[in-house]
Amino acid sequence: MNEAYKKNQEIELDIIDMSHDGEGIGKTGAFTWFIKDTVIGDRVKAVVMKTKKSYGYARLTKIIKKSDDRVEPSCNIARACGGCSLQMMSYSSQLRYKENKVKNNLIRIGGFDSSYIDKIYEGISGMEYPFRYRNKAQYPIGRDKSGNIAAGFYAGRTHSIVKCDDCLIGDKINKVILDAVIAYMNKYNIEPYRETDGSGIVRHVLIRKGFASGEVMCCIVVTTDKIANLDKLISMLDNAADIKSIVLNINPANTNVILGDKTKVLTGDGYISDYIGDVKFRISARSFYQVNPVQTKVLYESALSYAGLSGGEVVWDLYCGIGTISLFMAKSSRRVYGVEVVPEAIEDAKENARINNISNASFVCARAEDIGSDNKFEKPDVIVVDPPRKGCDSKCLDTILKVKPDRVVYVSCDSATLARDLRLLCESGEYRLEKFRAVDMFPQTGHTEVVTSLVKVW
Ligand code: SAH
């Protein structure tokens with residue numbers, strides 16, 4: 001606690017920045033405040049909640065002057081849900097906020113010169129319609145305050161569900177499917193799972209839709225597969241929507257991990273197919289697949305153009321998932337090697353190569369940091385990395401510096417760890433940051449994807 005401020009004391013300040021989670025940031029003197037539900041450009045009154053030595057949290061009580069960037073959120077529960085932390089900003093200001101965040105991280109953490117960063121920045125690709133873009137939804141099922149079975153989200157620190165079955169960044173089919181599952185539960189007395197005592201059956205409904213193929217998969221996560229009238233569930237779902245595959249995932253554990261280890265296919269093949277560009281992908285309930293297919297195409301096309309392929313190159317795709325980027329690049333190169341830690345994803349990657357008749361892509365299940373520079377792959381001309389938020393392991397960066405490809409394409413979902421890793425690659429004197437661009441894969445949220453191109457210094 002900082003002595004200068006007391007709980008519930010009122011402060012008045014301008015919001016000048018925004019945190020990673022979309023909280024507004026303002027200052028009183030040198031002291032920094034995080035205030036939810038505020039937007040850069042607002043002048044607000046707030047009351048002190050808690051403080052540390054140099055920063056604190058306060059609760060918004062009044063907006064004295066509205067930021068020009070403020071809009072009314074399209075979703076009436078945006079504030080309570082918290083999933084879309086930027087919904088009260090206009091879309092153009094969201095994009096501006098994201099590009100500033102990326103540039104600032106490259107300057108502050110990456111150590112790059114700010115005028116150089118401005119010069120090599122190629123812009124942010126936003127969406128024409130920044131809603132209804134997610135191809136995947138996972139809704140918890142429980143009871144609302146009045147005791148009705150509902151799909152939605154848990155209100156902060158409670159065990160009751162706030163009903164929200166038509167999330168605006170998800171597809172319209174979600175509500176149709178959720179209505180059918182809940183109607184079945186009500187009709188046949190199937191209880192939702194209760195995390196307090198582990199009773200009940202239905203935990204989550206997970207829906208995936210291939211936007212290009214139109215195929216839909218519905219996965220119902222349950223505590224047991226011994227459920228009465230499963231045939232009725234299937235017919236009620238089939239009557240409600242055109243569903244390619246219905247599966248049960250069995251998760252009896254007392255955990256907040258959504259999926260269990262066992263999946264039982266009720267109808268269809270247990271997977272759907274989708275296309276990005278003209279590459280076809282098989283997606284099962286458990287595999288990682290980018291959630292915004294429209295922007296994924298933009299992202300992969302950027303990565304492909306940054307790779308500068310002319311047909312004869314060898315490419316390593318590290319952190320390859322189900323081989324999406326690898327297969328996207330295979331047609332323009334001589335050979336691609338994909339490396340990924342999840343065995344099921346590697347199986348999917350191999351199957352995806354097969355269904356696309358791509359024979360010059362090989363996939364290996366390993367950690368990117370363990371492949372080393374003396375592995376059996378042909379020496380690469382280009383290395384693509386697309387790590388999770390924590391960025392590349394330093395051993396992986398060492399491998400890149402040892403094998404010295406002509407180009408490195410770094411695809412990142414966290415510009416802070418990206419900046420840290422680029423700094424290491426560029427300060428070695430071996431690589432130069434040539435250009436970068438951002439792709440807004442997650443409109444209304446604070447996240448951004450970035451593609452960067454590094455070239456070998458000779
Ligand atoms: N390029 C893919 C996947 C990107 S997500 C796509 O666009 O779809 C990052 C991937 O890295 C995930 O599939 C995750 O399983 C994998 N991963 C996480 N840690 C890893 C590691 N240490 N080595 C290799 N792969 C890893």
Side-chain angles (χ1 to χ4, degrees), residues 125 133-136 208 210-212 257 259 271-277 279-304 306-307 315-330 333 336-353 356 358 361-373 375 377 380 382-400 408-415 417-418 421 438-442 447-452:
S125 309
Y133 61 81
R134 280 184 67 98
N135 58 10
K136 176 181 161 185
R208 272 191 145 150
F211 277 26
V257 175
L259 289 176
Y271 59 82
I272 54 167
S273 300
D274 197 23
Y275 291 86
I276 299 173
V279 187
K280 185 176 182 182
F281 295 101
R282 183 182 95 168
I283 313 152
S284 45
R286 296 173 56 93
S287 348
F288 175 90
Y289 187 63
Q290 298 282 0
V291 295
N292 182 334
V294 171
Q295 294 297 84
T296 299
K297 181 159 181 277
V298 178
L299 181 75
Y300 290 173
E301 277 166 356
S302 300
L304 180 63
Y306 280 10
V315 180
W316 293 5
D317 177 19
L318 309 183
Y319 308 87
C320 72
I322 60 170
T324 38
I325 296 180
S326 318
L327 299 180
F328 220 72
M329 297 207 171
S333 54
V336 180
Y337 297 90
V339 177
E340 157 68 45
V341 74
V342 175
E344 292 90 340
I346 286 293
E347 288 311 307
D348 278 353
K350 288 178 177 166
E351 178 64 15
N352 287 331
N356 288 287
I358 292 174
S362 320
F363 294 96
V364 173
C365 185
R367 298 197 307 174
E369 55 272 34
D370 291 342
I371 55 161
S373 52
N375 60 49
F377 305 163
V382 179
I383 293 184
V384 180
V385 294
D386 182 9
R389 279 189 206 157
K390 66 176 188 224
C392 290
D393 188 279
S394 63
K395 275 199 249 159
C396 172
L397 299 173
D398 277 350
T399 303
I400 296 175
V408 177
V409 179
Y410 194 136
V411 181
S412 163
C413 54
D414 184 329
S415 56
T417 57
L418 167 75
D421 292 349
V439 179
D440 189 21
M441 299 277 278
F442 315 103
H447 301 287
T448 322
E449 204 82 9
V450 189
V451 196
T452 63

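Whatever order the structure lists ligands and atoms in, that order sets their numbers, starting from 1. Note: hydrogens, waters and symmetry copies are ignored here, and every other heavy atom, side chains too, is used. For the single chain, residues carry numbers from 1 onward in sequence order.
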What do we get for [X] next to ligand 1 when only non-hydrogen atoms under 4.0 Å count, side chain, backbone, both or neither?
X      : result
Ala345 : neither
Val341 : both
Tyr319 : both

Can you tell me the protein heavy atom closest to [atom] and the distance?
atom                    : value
atom 1 (N) of ligand 1  : Asp386 OD2, 2.9 Å
atom 18 (C) of ligand 1 : Pro388 CG, 3.6 Å
atom 22 (N) of ligand 1 : Glu369 OE1, 3.0 Å
atom 23 (N) of ligand 1 : Ala368 N, 2.9 Å
atom 8 (O) of ligand 1  : Thr324 OG1, 3.1 Å

Report, in ascending order of atom number, the atoms of ligand 1 lying under 4.0 Å from any heavy atom of [X].
X      : answer
Gly321 : 3 (C), 13 (O)
Arg367 : 23 (N)
Val342 : 15 (O)

Main-chain N/O of [Y] paired to [X] side chain as donor or acceptor, under 3.5 Å:
X      : Y      : value
Asp421 : Cys392 : yes
Ser412 : Val450 : no
Asn352 : Arg282 : yes
Glu449 : Phe442 : no
Asn135 : Gln290 : yes
Thr417 : Arg389 : yes

Within the structure, does Glu340 bring an N/O atom to less than 3.5 angstrom of an N/O atom in ligand 1?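 So ligand 1 has an N or O lying under 3.5 Å from an N or O of Glu340.
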Non-hydrogen atom of Ala366 closer than 4.0 Å to ligand 1: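 In this structure, Ala366 qualifies as a contact of ligand 1 - some heavy atom is under 4.0 Å.
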Can you find a non-hydrogen atom of Tyr300 under 4.0 Å from ligand 1?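 Yes.
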Measuring from atom CG of Leu327 to atom CZ of Phe363, what distance do you get when rounded to the nearest 0.5 angstrom?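 The CZ atom of Phe363 is 4.5 Å from CG of Leu327, to the nearest 0.5 Å.
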Quick one: OH on Tyr306 to OH on Tyr410, what's the gap to the nearest 0.5 Å?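 Atom-to-atom, Tyr306:OH and Tyr410:OH are 15.5 Å apart.
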Looking only at side chains, do Asp274 and Tyr289 share a donor and an acceptor under 3.5 Å apart?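 On atom types as modelled, these side chains qualify, holding a pair under 3.5 Å.
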